[in-house]
Q: 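Encoded as structure tokens, here's the structure I'll be asking about.
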Amino acid sequence: MVRLIPRLHAPPPPPPRVPAGLPLPLLPAPALAATLLEAVSSSPSLPHLRHLHALAVRLPLPATSLPFLLSRLLRRLAALPPPPHAPLPYALNVFSAVSPPDPFLAAALLRFAFLTQPPLLPFRVFSHLRRAHGAELPFLPFAFSTLAKSATASRSLPAAAAAHAVSVLVGGFDRHRFVENSLIGAYVACGDVGAARKVFDEMVEKDVISWTSIVVAYTRSGDMRSAEEVFGRCPVKDMVAWTAMVTGYAQNAMPVKALEVFDRMAELGMVIDEVSLTGAISACAQLGALRRAAWVQEIAERTGFGNNVVVGSGLVDMYAKCGLIDEASKVFYGMQEKNVYTYSSMIAGLASHGRASEAIALFKEMVNRANVEPNHVTFIGVLTACSHAGMVGEGRYYFAQMKDKYGIMPSADHYACMVDLLGRAGLVDEALDLVRSMSVTPHGGVWGALLGACRIHGKSEIAKVVAEHLFKLEPESIGNYVLLSNILASAGKWEEVSKVRILMRKQRLKKDPAVSLFEGRDGLVHQFFAGDNAHPRTHEIKKALLELVAKLKLEGYVPILSSIVYDVNDEEKERLLMGHSEKLALSFGLLTLGSGCTIRITKNLRICDDCHLFMRLVSRVESVEIIVRDNMRFHHFKNGECSCGGFW
DNA sequence: CTAGGGTTAG
């Protein structure tokens with residue numbers, strides 16, 4: 001192509017001044033417009049764009065070309081790094097270059113306002129245009145989509161309703177499919193399922209986007225049954241629709257379902273992208289399922305999605321939760337781009353594995369070297385790290401820093417961490433004072449942390465007071481009753497224990513049965529309940545366990561009978577202890593893997609004192625590494641020591 | 001122009 005405006009393409013960008021003598025356009029008008037458009041799309045800077053703008057409004061372009069060209073110019077302007085590169089007045093100036101006011105350019109202007117913050121700017125621009133031009137300027141459907149999008153971004157219900165209203169009143173476009181879809185999206189973002197559903201139900205022409213939006217409306221509100229029902233009726237499902245279900249299950253703590261749907265969509269030949277993979281990763285993290293995790297990792301590597309920040313951060317979290325903290329580290333340090341999620345996941349992972357000093361070192365690296373701004377979740381990780389390691393001074397320091405240096409107001413969750421920190425360290429009274437001085441209402445987590453502290457330090461009187469609060473806040477949470485009754489039992493207050501038992505019975509609460517999982521070499525997950533004889537090799541397991549106990553007793557093992565909170569004789573207590581599910585799992589692990597191996601056990605409840613001691617001794621005597629994930633954290637047993645330092 | 005993404009807690 002002959003270039004008659006050669007300077008348009010010449011890097012470096014020309015000066016902003018419009019040259020006095022413009023070259024005469026010898027190209028036919030459409031080709032001229034195309035050339036300018038191309039130049040606009042690749043324009044490197046604001047001065048360059050201004051120059052093109054000046055050219056464009058002077059050249060004899062075809063009538064419809066100028067608004068289109070200028071709309072592209074606005075889009076380019078909004079995309080220039082770092083935004084907002086262009087102030088709104090300049091964009092308005094671009095808009096007024098065309099007379100009469102052009103609807104297409106008006107929509108582009110709204111889009112520009114949306115892209116350059118703040119989220120509700122399009123509404124202001126819209127009112128401005130209405131005031132300035134009235135009925136002279138009609139609006140196109142996508143102008144209303146942008147308003148709805150703006151409401152979506154600000155998650156403001158009044159804004160969503162306003163976008164809805166003007167689509168009807170000004171545009172008459174509430175029946176336009178794209179507009180309806182964006183309105184649904186806006187209502188979903190604001191959490192108004194009813195309004196979203198109403199728009200959806202009244203739609204004449206629903207497409208897969210409308211259906212998916214409603215599925216998401218339900219998954220976000222935690223109503224998976226309705227989500228399933230809508231998804232089932234959706235006539236054509238694409239990858240995004242399937243992914244909405246995968247992440248819906250993952251977000252609602254149904255990881256097994258999430259993986260089932262993920263498998264199903266893969267079977268159907270759906271393309272797996274980084275978003276669907278993220279959902280599967282989150283599900284694996286929740287399950288702590290090592291083999292599924294390895295399989296997901298393989299997909300991530302094969303597809304190259306492992307380089308994506310979200311996928312990478314998910315992998316870090318997943319490995320940490322599967323017990324492979326070093327693998328998590330490896331992924332973390334291999335990532336090129338790291339953000340606050342990446343760091344927070346790694347910090348929380350290190351904290352849950354008892355590697356407090358590394359967690360804190362990483363936090364320092366994050367803020368000092370990487371310049372990544374920490375958020376409220378980051379501090380949860382930092383504070384739990386301190387708490388699990390008994391680092392009271394550091395915890396206080398970071399709690400203060402969070403407020404003073406980073407302007408993050410402590411939430412009830414942060415207070416729960418602090419209460420846990422102080423309480424574990426034996427400062428139970430100070431913890432109680434902290435709860436009483438809180439600026440937000442304490443929730444179950446805060447009182448629960450305090451009750452945990454009472455358990456560790458045998459404060460049965462404070463425990464009774466604390467439990468009162470807990471029973472009010474969480475009447476159906478079984479763990480609180482069990483904890484209180486354990487505390488009372490340890491103090492020998494058997495009459496009060498039976499009162500708690502009666503209370504539990506009245507509430508018709510049943511204990512969650514204790515269960516331990518062990519993933520065998522074959523990839524099968526073996527499940528052991530306390531006192532369970534259901535495993536096909538139960539005789540071998542029991543026999544090996546008895547031999548093991550005898551061996552440990554020679555090494556000085558004395559069962560911690562106080563871990564049994566029933567008022568039974570010592571012999572019975574010991575028998576119950578030997579039936580604990582993690583001991584069965586351990587025995588089976590030793591039987592199948594032999595000494596020198598690593599045994600991973602996942603347990604649904606907190607590991608008891610006796611099992612903890614038992615694991616420590618076995619790790620030394622049998623030269624094995626044992627990794628137990630209980631409902632609180634990870635315990636790495638090696639050479640007779642545990643990574644939690646006896647602090648859990 | 002319209003739909004799907006990750007981290008936290010006793």
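Chain A is the first sequence line, chain B the second, and so forth, proteins listed ahead of strands; every chain is numbered from 1.
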Q: Mind calculating the distance between CE (A:Met418) and C1' (B:dT8) to the nearest angstrom?
A: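 Going from CE in A:Met418 over to C1' in B:dT8 covers 16 Å.
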Q: Going by salt bridge (Lys or Arg N to Asp or Glu O under 4.0 Å), name the residues that satisfy it together with A:Lys603, two or more places apart in sequence or in a different chain.
A: A:Glu582
Q: In terms of side-chain geometry, is the basic nitrogen of A:Lys330 or A:Glu327 positioned less than 4.0 Å from the acidic oxygen of its partner?
A: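 Result for this pair is yes, salt bridge flagged.
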Q: Taking atom P of B:dG10 as reference, at what distance in whole Å does atom CG of A:Asp413 sit?
A: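 Going from CG in A:Asp413 over to P in B:dG10 covers 10 Å.
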Q: Please state how far atom CZ in A:Phe379 lies from atom C1' in B:dT8, giving the value in whole angstrom units.
A: 13 Å
Q: Provide, to the nearest angstrom, the distance between the CG atom belonging to A:Asn631 and the C1' atom belonging to B:dT8.
A: 16 Å
Q: ring-ring contact (aromatic ring centres under 6.0 Å, His included) with A:Phe379: which of A:Phe363, A:Tyr343, A:Tyr415, A:Phe399?
A: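 Option passing the ring-ring contact (aromatic ring centres under 6.0 Å, His included) with A:Phe379: A:Phe363.
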Q: Please work out if A:Gly444 contacts a base, only the sugar-phosphate, or nothing of the nucleic acid, heavy-atom cut-off 4.0 Å.
A: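 Base contact.
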Q: Base, sugar-phosphate, or nothing: which does A:Leu470 touch, judged by heavy atoms less than 4.0 Å apart?
A: base
Q: Select base, sugar-phosphate, or nothing to describe what A:Thr378 touches, counting heavy atoms under 4.0 Å on all strands.
A: nothing
Q: Once you round it to whole Å, what is the distance between P of B:dA9 and CE of A:Met632?
A: 9 Å
Q: To the nearest angstrom, how far is A:Ile607 atom CD1 from B:dG10 atom P?
A: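 Computing the A:Ile607:CD1 to B:dG10:P distance gives 16 Å.
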Q: One thing to verify: whether A:Lys206 and A:Asp201 come together as a salt bridge, which I'm taking to mean a side-chain N less than 4.0 angstrom from a carboxylate O.
A: no
Q: Would you call the rings of A:His376 and A:His414 parallel, tilted or perpendicular if under 30° counts as parallel and over 60° as perpendicular?
A: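 If you compare the ring of A:His376 with that of A:His414, the planes turn out perpendicular.
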Q: Please report, rounded to the nearest Å, how far the P atom of B:dT8 is from the CG atom of A:Leu383.
A: 15 Å
Q: Should the ring pair A:His469 and A:Trp447 be called parallel, tilted or perpendicular, given that the plane angle runs from 0 to 90° and is split at 30 and 60?
A: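 Correct class here is parallel.
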Q: Please work out if A:Met245 contacts a base, only the sugar-phosphate, or nothing of the nucleic acid, heavy-atom cut-off 4.0 Å.
A: nothing
Q: Can you run down the salt bridge (Lys or Arg N to Asp or Glu O under 4.0 Å) pairs that involve residues 418-429 of chain A, sequence neighbours left out, and say none if there aren't any?
A: A:Asp420-A:Arg424
Q: Just call it for A:Lys321: base, sugar-phosphate, or nothing, with non-hydrogen atoms closer than 4.0 Å on any strand.
A: sugar-phosphate
Q: Return the value, rounded to whole Å, for the distance between atom CG of A:Asn480 and atom P of B:dA9.
A: 17 Å
Q: What one-letter contact string describes nucleotides 1-6 of chain B from 5' to 3', where B marks a base within less than 4.0 Å of any protein heavy atom, S marks contact via sugar-phosphate atoms alone, and - marks no contact?
A: BBBBBB
